[in-house]
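Please read all numbers here as calculations on a predicted model, not as lab measurements. Quick note on labels: first sequence line is chain A, next is B, and so on, each numbered from 1. Just so it is clear, the values below take in all heavy atoms, side chains as well, and ignore hydrogens, waters and symmetry mates.
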Amino acid sequence: MTTTGEERERAFDHGEVEPRWQAAWDEADVFRIDDDATDPEYVLAMFPYTSGQLHMGHVRNYTITDAFARFERMRGKDVLHPMGWDSFGLPAENAAEERDTNPRDWTMQCIDQMRDQFVEMGFGYDWEREVTTCEPEYYQWNQWLFKQFREAGLVERQGAELNWCPSCETVLADEQVEEGEAPEEPHGDGGAVEVCWRCDTPIDHREMDQWFLTITDYAEELLDALDDLDGWPNNVQEMQRNWIGQQEGASVAFEVGEYGEVDIFTTRLDTIHGATYFSLAPGHPVAQEIAEENDEVREYVEMAEEADEDDLDVTSGVFTGEYATNPATGEEIPVYVADYVLTDVGTGALYAVPAHDDRDHEFAEYHDIDIQQVVEPAPDADPEDIDVQEEAYTEDGVLVNSGEFDGLTSAEAREEFVEVFDGEHRTEYNLRDWGISRQRYWGTPIPMIHCEDCGYVEVPDEDLPVELPEFVHTTGNPLDAAEEWKHVDCPDCGADAVRETDTMDTFVDSSWYFLRYVSPELEDAPFDTERASDWMPVDRYVGGIEHAVMHLLYARFFTKVLDDVDLLDGVREPFVNLTNQGMVLGENGNKMSKSKGNGVSPQRIIEEYGADTARLFIMEAAQPEKEFAWSPEGVQSSHSFLQNIYRLTDEFADGKIAFGDEGQIADYVAREIDATAARATEEYEKFRFNHALQAVRELVSLLRRYREATDPDAETFERGLVTAAKLLAPVAPHVGEELWERLDGEGLVAEAGWPSADAPADYDIERRLVENTREDVRDIVDTVGIEDPETITLAVAPAWKHDVVDIAREADNVVPAVMQNEELQQYGEAAADFAKTLAGRANLDEHLPPERELAALVRAAWLVEREFSADVVVESADEADDGLASKAEPGRPAIDIES
RNA sequence: GCGAGGGUAGCCAAGCCUGGAAACGGCGGCGGACUCAAGAUCCGCUCCUGUAGAGGUCCAAGGGUUCAAAUCCCUUCCCUCGCACCA
């Protein structure tokens, strides 16, 4: 992509221009928003993780919000468009280890680097609202909020299974677990094994107590409220629905041997009469109890607990020797422990109905258990239709073999059985509580102290923040090794006590950062409740699809809780409109990656072409949510466009364009300018920047043709350039300023008013008329093979034909309707013939009245003149030759070409 | 398996919600203007046929609704993404 030969001649030098305008914006405080602004437009991009590396995904993400924020600002709105740094997290610890530094210094250096790059890109943020999550000024509020959640009863300590490296003796995050080859295969299936990233030792799982936020308390609202998030993409709503995973069902108790009652959960209570065995998850307390007495069960449970999730298939399981009583039939059914029953789904216990569930069916076949049909498709169904011995019938239907309940529909039975079998309706969720403990250094310390006598005690508010100690290089958790930091007096009893050494999941940081921007300096609260309640919700949120579930769900959860504890007032959802930008692919259409070597560095593009070219190309390439492939030709095209519009403006400003008088062409151009402004505005509003930019390109191209065709009217020409500059400015802000300056604009274009946006009346109909007429002329010239047309005459149809069309559009029976009209009768045969012609047409387009049609063609005549180097005469029906005029129709002038 | 979104000319891609003109635009290709020349810029063409604005074929495939379908409905095929041993 490097230019061969000498440097191309450039109309302006982006290397000089861009920094100058960046400084000017800064100087003028363009992007600052006052604290007393009322309900500003809140435009937000997901803040970046501070890797130090700006990639094309960032550039795209931030160009989208920046362009939109600039657009709204030019429209006169107050705009809040802040930026911050998601700066806690494991990668910083790794980088610190690799580079023999500490996470803080590394992160701060990354932030400086990225901030510089953002400025270079021309992104306009209110830097006074910058938020950095790894600073105590920010994370103290994580700690304070943790205590608020605790007070609201939303914090629990629960056991959780963690990855454990027996060699390093440390907990591993999921990201630190790699697929590796084990020295010897424990199960002999040849599959991959999870190993520690550092020492390649196969990992264990350990159950450890962790801090949890009980997001499940909000499962129902989080799910229901999704339906009202109309500004969210379908797939994200769907992904959250899946994640929350609501199941409507019922629970019923089964008597299991001497172990008492065991609750099961089922969505198919209607099939209870067909339950022929009972099954417990290996982790179920009763299964554990049985394991203590029964060697075979114990072995199975141990094996199942060690095995990887997908290692065992559906038929894996062991008979316990116990029996459960089916409350529906009174029958004793065998109790199994089976791995396909999951401990954390439902109650971890179920009754199995092989006739009506695929997994139960497979299991029953393998273990030779009865298969008893209790549902059939319909009351009068042919018994041959289905054979549950062969395959489970899983649809709803009508009950059979269910005693007195035969004939009930599945739905009726589900309703009735809840009472009959003394069960209860239950709604289960897939959503689990949110474990926020991380055994890492680079995160927010959890503000708890453990005392032998008092148990867990909160760090008092006056001792907040609990700041991180100096980083300790160690294989385990550095906070555990920070002896001095760790040991404190118990706030309650004063005895020796130990700090919690886990830190918070970084998703806590990002669950409320959008609130901190509202009042970033506030010292006695995480954010100003009144202002936040006014400024929220975020009007436009843009970021990657990878955050569809976790971040976006946690942020919704936080918002609801904060509203419930009155830190917010009436804000139930954080983000009204959400856009997930598509990926920027490599030139070959593959994902950009180091290993494929198809990455394009933003830095290099900025250097070679300038930030505006990068921004323009990205925005022209596709709608924000669609992916697109990087293309050197596309970059070149965007770059050329910027150079060209500058060159044209420059020539205008330098007086190199000879000007003439106003006239028909100026009228035509003036209408196009208005139409362009209207179209671009609409497209910006709809987030379809590529369409808006297309309109701008077309306008600039028109101005060029205008200049070539004639000596343009100075005022019209200037208005065209000004409009183009303004419409372009949100996407290519530096060039926008440069153009604005050349055009003697007042102040900065970033603060200038948006062009008024009304399309001329009937613009579309007129455009259609002009385009069709031009096309027809081309068609004729082409098919007839006219070498050098001299005069092209266009004749507009007479008024009466317009009347005929108007009548025809309304009438069922066109010819009589027309001929009954007294006015039209005077045209005799001609009117009748025309009416007949129209009667045969399915659809009659809208058309302009004859005088306006005439005016439109007169305005557009220059285009035809230019294209064919011929004189163009536009005539009314009266002026035209009778023979010619008779061929004209409304919306379709008669054409005569002389050569 | 369940769910969401797609399949438009050589390539990218708009139009589909709200049916009405072979279907915007970009890239690439072809021809022309300007120029000693190159680049840049500008103009036109880019499904087939056609000596006056016409005809034909066409928006994954097949069927349907309609005066009229890229657009609405049904079926099938293919792609992408998400969830999934969820009781």
Inset, instruction - Taking A/Thr347 for its side chain and A/Asp263 for its backbone only, find out whether a donor-acceptor pair lies under 3.5 Å. - result: yes
Inset, instruction - Report yes or no: is there a donor-acceptor pair, N or O only, under 3.5 Å between the side chain of A/Asp779 and the base of B/rG53? - result: no
Inset, instruction - Go ahead and name the base partner of B/rG19; Watson-Crick or wobble counts if both distances stay under 3.5 Å, otherwise write none. - result: none
Inset, instruction - Would you classify A/Arg688 as touching base, sugar-phosphate or nothing, given that sugar-phosphate means primed atoms plus P, OP1 and OP2, and contacts are heavy atoms under 4.0 Å? - result: sugar-phosphate
Inset, instruction - Quick one: label A/Pro789 by what it contacts on the DNA or RNA (base, sugar-phosphate, nothing), any heavy atom closer than 4.0 Å. - result: nothing
Legend entry - Test of ring centre spacing under 6.0 Å for A/His691 and A/Tyr684: no
Inset, instruction - Give one of base, sugar-phosphate or nothing for A/Asp896, where a contact means two heavy atoms less than 4.0 Å apart. - result: base
Legend entry - Integer angstrom distance from the C1' of B/rA9 to that of B/rC67: 29 Å
Legend entry - Nucleotide opposite B/rG5 in a Watson-Crick or G-U pair, distances under 3.5 Å: B/rC79
Inset, instruction - Give A/Ser640 one of three labels, base, sugar-phosphate or nothing, depending on what nucleic acid heavy atoms sit under 4.0 Å from its own. - result: sugar-phosphate
Inset, instruction - Identify whether any heavy atom of A/Val341 sits under 4.0 Å from a base atom; if not, whether one sits that close to sugar-phosphate; answer base, sugar-phosphate or nothing. - result: base
Legend entry - Ring-ring centroid check A/Tyr336 A/His367, cutoff 6.0 Å: yes
Inset, instruction - Remember a base hit wins even if backbone is also touched, and classify A/Gln623 as base, sugar-phosphate or nothing at under 4.0 Å, heavy atoms. - result: sugar-phosphate
Inset, instruction - Using the salt bridge (Lys or Arg N to Asp or Glu O under 4.0 Å) rule, pick out the option among A/Lys656, A/Arg704, A/Arg707 that qualifies with A/Glu651. - result: A/Arg707
Inset, instruction - State whether A/Lys626 places a side-chain N or O below 4.0 Å from either non-bridging phosphate oxygen (OP1 or OP2) of B/rA14. - result: yes
Inset, instruction - Give a yes or no answer on whether the side chain of A/Lys801 reaches the backbone of A/Ser886 with a donor-acceptor pair at less than 3.5 Å. - result: yes
Inset, instruction - Please confirm whether any donor atom in the side chain of A/Asp360 sits under 3.5 Å from an acceptor in the base of B/rA87, or the reverse. - result: no
Legend entry - Integer angstrom distance from the C1' of B/rC42 to that of B/rC78: 44 Å
Inset, instruction - With RNA chain B as reference, determine whether A/Ala622 or A/Arg866 sits nearer its 5' end, using the nearest nucleotide of each. - result: A/Ala622
Inset, instruction - Determine the contact category for A/Ile897: base if any of its heavy atoms lies under 4.0 Å from a base atom, sugar-phosphate if only primed atoms, P, OP1 or OP2 are that close, otherwise nothing. - result: base
Legend entry - Under 3.5 Å on both distances, the Watson-Crick or G-U partner of B/rG25: B/rC12
Legend entry - Residue whose closest nucleotide on RNA chain B lies nearer the 5' end, A/Gly245 versus A/Glu775: A/Glu775
Inset, instruction - Please work out if A/Asn430 contacts a base, only the sugar-phosphate, or nothing of the nucleic acid, heavy-atom cut-off 4.0 Å. - result: base
Legend entry - Sugar-phosphate only, base, or nothing, as touched by A/Gln694 at under 4.0 Å among non-hydrogen atoms: base
Inset, instruction - Look at the side chain of A/Arg768 against the base of B/rA21 and say whether a donor-acceptor pair falls under 3.5 Å; ignore hydrogens and angles. - result: yes
Legend entry - Heavy-atom donor-acceptor pair, A/Asp339 side-chain to B/rC85 base, under 3.5 Å: yes
Inset, instruction - Give A/Asn772 one of three labels, base, sugar-phosphate or nothing, depending on what nucleic acid heavy atoms sit under 4.0 Å from its own. - result: base
Inset, instruction - Look through every strand shown and name the nucleotide pairing with B/rU57 as Watson-Crick or G-U wobble, where both distances are under 3.5 Å. - result: none
Inset, instruction - May I ask you to say what A/Glu698 touches in the nucleic acid, namely base, sugar-phosphate or nothing, with a heavy-atom cut-off under 4.0 Å? - result: sugar-phosphate
Inset, instruction - Run through A/Phe628, A/Phe689, A/Phe641 and flag the one making a ring pair (Phe, Tyr, Trp, His ring centres under 6.0 Å) with A/Phe617. - result: A/Phe628
Legend entry - Span that lies between the C1' atom of B/rG56 and that of B/rC43, in whole angstrom: 30 Å
Inset, instruction - Tell me the partner of B/rC36, counting only Watson-Crick (N1-N3 plus N6-O4 or O6-N4) or G-U wobble (N1-O2 and O6-N3) with both under 3.5 Å; none if nothing fits. - result: none
Legend entry - Identified pairing partner of B/rA70, criterion: Watson-Crick or G-U wobble below 3.5 Å: none
Legend entry - Residue matched to B/rG44 through Watson-Crick or wobble contacts both under 3.5 angstrom: B/rC30
Inset, instruction - Start with the C-alpha gap between A/Phe363 and A/Tyr277, add the side-chain angles, then the distance that decides, and say whether ring-ring contact (aromatic ring centres under 6.0 Å, His included) holds. - result: CA-CA 10 Å; A/Phe363 190 91; A/Tyr277 68 95; 5.1 Å; yes
